[in-house]
Colleague: 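Questions regarding the structure given below will be posed in turn.
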Amino acid sequence: MTKDQPFIQLENISMQYGTSIVLDKIDLIVPYGEVFGIIGKSGSGKSTMLSIIVGFLKPTNGKVYFQSRNIYNDIQEVQAQMGFAAQEVSFYPRLTVKENLEYFGKMYNLDSKQIKQKIPELLRLVNLEGTEKLQGWKLSAGMQKRLDIACALIHEPKVLLLDEPTEDLDPALRLELLDLIKKINHEKNVTVVLTSHLLNEVEYICDRVAILHDHKIISIGKLWDLKDNYSKDHEIIVELQDRNNEEFIKMAKKIPSVKKVLVRQGKVYLYSNKGSDILKRMLAASVQTKKKFNVTSITLSKPSLEEVFESLTGKNNDAK
Amino acid sequence: MKKLIEIIKKNFRLLLRSKTSALIVLMGPLILMLLIGFAFNTTSLFDIKIGTYSSAYSELSDSVVQKLEDDQFRVVRIDSEEKCIDMVKAGDVHVCTVFPPNLNIRTSDKIIFYVDKSRLNFVYIILDRISSKIATKSTELSTALTNRLLTSITNVDTKLDTNKKISADLELSYSELSGLDITYSAANISSLKKEIKEANLSSSKESSLLSLVSSVETAYSDITTKITLISTVLSTVNTRLTGNINTAKEIEKSIKEVKDDINSIEVKDVARIVSPISTEIQPIAAESTNLSYTFPTLVLLVILFAGLLIGSTSVMEEKTSKAYFRNFITPTKGILFVLGQYVSSIMIVLLQLIIIFTVMLIVTQAKLDGLILLNVLLLLFLVGSIFVLFGMVIGYLFKTGETANMGAISIGALLLFFSNTILPIETLPTAIRSVVQFNPFILGEASLKKILLFNEGFSNIAIAVYILIGFVILLFALSYFTRELTKRNVS
C-alpha cells in the first residue's frame, strides 16, 4: 500500500437524526500511513464521522470503504483492523492495566500467548511500564489516555482513530500525547485519523487535514497546500515589550501592503503579500535610537491553519 | 467461547472489586430470606386485642367473651360502641365486637364485628379465629338445645305407648254394654187381681191383697219405666261409644304415625344432629412447619427481586462504564455481550439459591432425591433466567441507575401483586386472571410447590416449563434488540 492509495474512503456519507442533519454528503479519502486531521467547530459532526468509519454508527446514506472494500460487507473484519480512542477514555477503571489489555485483546480475537507477548511491548510504547497491576482509576489523566490508546492498539490495527485525543489534558501532557501519536504513526506504520478543534495541535501533527463546516467538508488537503490555496499572504507576528499595541496597530495599518491586523494573546498579527518588506521595516524600526516601539520578537511565516480556518469558515467560530 | 468466558471473568472481577455491590448483591437476598423465614415460621397470631362492647352483657355474651380470652387474644371491654370503633381506626384494638343487649339464645340479634379492611389478609385471619371461637360456643348452646328437644321427643314416644289401648278399652266397654240383657216378661197384674176377687176371700183379705197388688203394680210400672229409660240411655251410650271408638282409632292411627315419624329419625345422637356433617382437614403434603409451605413462595420472592435487580444493575454498571463503548467497536458479536451479562447474572442468582437450599436442607433436615433436585434446579434456573433477562431489558432501556432500579422494583411489585402472594388470583376479574396466570412468578411458584410439597415429577410441570422456556427465549431476544436499539445513546 502506498501513501497515494485511498486507504479509507467515505463516499457521499450523510447522517441524519430525525430532521437534524449531522453530516451532509461527505466525500473523503484518507491515504495510507498518514496522520489525517479532521477539524471543525463543536457539533460539526467530527465524532459522528469517526463513529461511522469504525462501524459503530451506520450512515443514513453513503458508503464507507476500507482498503477498497465496503465496510458493511464484513464489519467485524474491518473492526479487527481499526483501533479507536474516543474523547473520553474507554476502559474498565476497576480492572488493572494488564486486565484491561487482556480483556480487549480477547475481544479482538487474540489468543493468550499473543496478548502476553504484546502487553510489555505496548506498555513500553505508551510509556506505562510498571503499571500493569494498577487499576485504571488509580492512573493519572495522561496515563489513562495512554492506556486508552494502548487498548486501541492491542490488536495491532492498521488504522487508529482518535477523537479529540488531547481534550482535558494540560499542555505538557498534550505535547507528550501528540509525540506518542507521531511515534505510533512512524514506528508501527499505523494510519492515524484524528479530530480536534485545537488547530495548532493539528498543524503540529497532521500531514493532511479536512475542514468540516456546517456538516460538510469545505476543504481537504495537505497542510501547506491548504495554506497556499487559501492565503498567498505571509503572517508577521510582532510581540512588544510594553504591549503598547494600539499605537503599533495604528502605525501598521498605515502600511499599504498590510491587509489585515489581528491581536491574539497580546501579540499582533499582520497579514501581507509582501512579508519580507514588512519584516525589514519592523526590524529597522526596532533598532532606531528614538524607537517608538520596544519590539521583543518578530516572526515571519506562512499563515497558520487558524488563519486558513478563519478565512474558510468566517471569524465567529470557536476553533482556536 | 473464549470471549464469553473472558466477559464473565471480567464481570465477576468488577463485581468483586466493588465490595459494597458484591455484599448487597450476594448477601442482600440471603438476609431477606433469613428474616422472612423467621417471621413466617408460624401462623400463630400474637398479642391480638379485641374490643368488646354491650349496653347490657348477658350470661351468654359474657361466656362468649370468656371464650375469646385465651393466649392469643386480649379482650378489652369498652364503654361505648363509638369509642370501640374509634379504637379500631386508631389501631388500638384489631377488632371491635358489639354484643346486642341481653344476648340470649331466644333472640335473633346479631353480634357485630367492626374491622379495618385495609389490613386485608390480617383481618380475615382474625375474623376466622374469632368466628371459630364463637362457633365453638354456638355449638355448645346448640348441643344443649338439641339435647332438650330429643329428651322431649323420647318422653312423648314413651307416653304414646301407654295411651295406645284406648280404642281397645272402649270396644270392650261397648261390647260389655251391648251384652247387657234388660229384657223382661210382662207381669199380668190384672189377672192376679181377677183371681183374688174370684178366690172368695174375705173382703178385708181381698182388699189387703188387692192393695198389695196395687202397690206391686205401681212398683212394677216404675221399674218398667226405668228399664225403658235405661234401654234408651244404653242405646245412646252405645252410639257414642261407637263414635268414640272410631275417634280413638283415628287418634291411635295418628299416634302410630307420630311414633313412626319419631322412630324414622335415624340420628338421635346430639353431637351428630348439631354437626351432621363431620369435616376433617387432611394435608395433602406431609405435616411440616409453616416455613416449608411458604418456602417455595419465599424462594420465588428472592429470585424475583434478586434476578431483576442483578440483571438491571449489572447492565447499568456496564452501560455507565467507560468501556461500554469500546465493546461495541470490537469484532465481537453483540449477542455475546448479552449472553455474557446473562450468564454472569444467572450464576450469581444460582449461587444464592444454592446457599438458600443448603441452609434450608440443613435446618429442616429434609431429604430431596436426585430427580426432585434436578427438577427444582431446572425450574429455578428458568424462572431465575426470566427475571434476570427482564432486569437486563430494563437496564438496557433506562438511562440512569436510579430509573433502572425504579423500573426493576416496579416490575417486581407488579409481578408480585398479580400473584397468589398478596391476594389470591381467584379474586381478580376473569379477563385479568386469564393473563395473570402466565405470570412467571405464579408459574414458578405453583410448579415449585408441586415438586417440593407433593413430590410430583416433571410431567406434571411440563407445560409450565415450556411456557417458561418461551419467556426465556423471548426476553433474551428482547435484551439483545434493546441493547442494539439503545447503543446510539452510548457515544
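Since the model is a prediction, treat every value here as computed from it, not as a measurement. Every chain is numbered from 1 and lettered A, B, ... according to where its sequence line falls, protein lines coming before strand lines. Side-chain atoms are counted along with the backbone in the values below, which use heavy atoms only and exclude waters and symmetry mates.
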Colleague: Please output the residues of residues 388-398 of chain B in contact with chain A, using a heavy-atom cutoff of under 4.5 Å, in numerical order.
Modeller: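 Checking residues 388-398 of chain B against chain A gives no residue, so none.
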Colleague: Under 6.0 Å from the OH atom of A:Tyr72, do we count more than 12 heavy atoms belonging to anything else shown?
Modeller: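 Yes - once you tally the heavy atoms of other residues, nucleotides and ligands closer than 6.0 Å, there are more than 12.
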Colleague: Only heavy atoms, only distances under 4.5 angstrom. Which residues in residues 113-146 of chain A are near chain B?
Modeller: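 From residues 113-146 of chain A, the residues near chain B are A:Gln135, A:Gln144.
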Colleague: Tell me the closest heavy-atom pair linking A:Ser90 and B:Tyr324, and the distance in Å.
Modeller: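 Minimum heavy-atom separation between A:Ser90 and B:Tyr324: OG-N, 4.5 Å.
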Colleague: Any non-hydrogen side-chain atom of B:Thr332 less than 4.5 Å from a side-chain atom of A:Tyr108?
Modeller: no
Colleague: Do any of residues 91-103 of chain A have a heavy atom less than 4.5 Å from a heavy atom of chain B, and if so, which, in residue order?
Modeller: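 Expected list: A:Phe91, A:Tyr92, A:Pro93, A:Arg94, A:Leu95, A:Thr96, A:Glu99, A:Glu102, A:Tyr103.
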Colleague: With chain B as the partner, which of A:Asp148, A:Asp163, A:Val78 has the greatest number of non-hydrogen pairs under 4.5 Å?
Modeller: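 Maximum pair count with chain B is reached by A:Asp148.
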Colleague: Partners of B:Phe418 by side chain to side chain contact (heavy atoms under 4.5 Å, CB included), sequence neighbours excluded?
Modeller: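 B:Phe418 satisfies side chain to side chain contact (heavy atoms under 4.5 Å, CB included) with B:Leu414, B:Leu428, B:Ile432, B:Val436, B:Asn439 only.
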Colleague: Looking at CD1 of B:Ile329 and CD1 of A:Ile53, how far apart are the two atoms once the value is rounded to the nearest 0.5 Å?
Modeller: 12.5 Å
Colleague: Do you know the tightest heavy-atom contact between B:Ile7 and A:Met107?
Modeller: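 Heavy atoms only, the tightest pair is CG1-CE, 3.7 Å.
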Colleague: Taking A:Asp111, A:Val89, A:Val54 one by one, which has the highest count of heavy-atom pairs under 4.5 Å against chain B?
Modeller: A:Val89
Colleague: Is the closest side-chain heavy-atom distance between A:Asn109 and B:Lys3 below 4.5 Å?
Modeller: yes
Colleague: Hey, is NZ on A:Lys183 packed in by over 12 heavy atoms from elsewhere, all under 6.0 Å?
Modeller: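 Yes - once you tally the heavy atoms of other residues, nucleotides and ligands closer than 6.0 Å, there are more than 12.
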Colleague: I'd like to know whether CZ of B:Phe12 has more than 12 heavy-atom contacts from other residues, nucleotides or ligands below 6.0 angstrom.
Modeller: yes
Colleague: Could you check whether B:Arg326 makes a cation-pi contact with A:Phe84, meaning its NZ or CZ is under 6.0 Å from the centre of the six-membered ring and within 45° of the ring axis?
Modeller: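 No, cation not above the ring by the 6.0 Å, 45° rule.
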Colleague: So, taking the atom named OG in A:Ser112 and the one named CD in B:Glu6, what distance separates them when rounded to the nearest 0.5 Å?
Modeller: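 The OG atom of A:Ser112 sits 7.5 Å away from the CD atom of B:Glu6.
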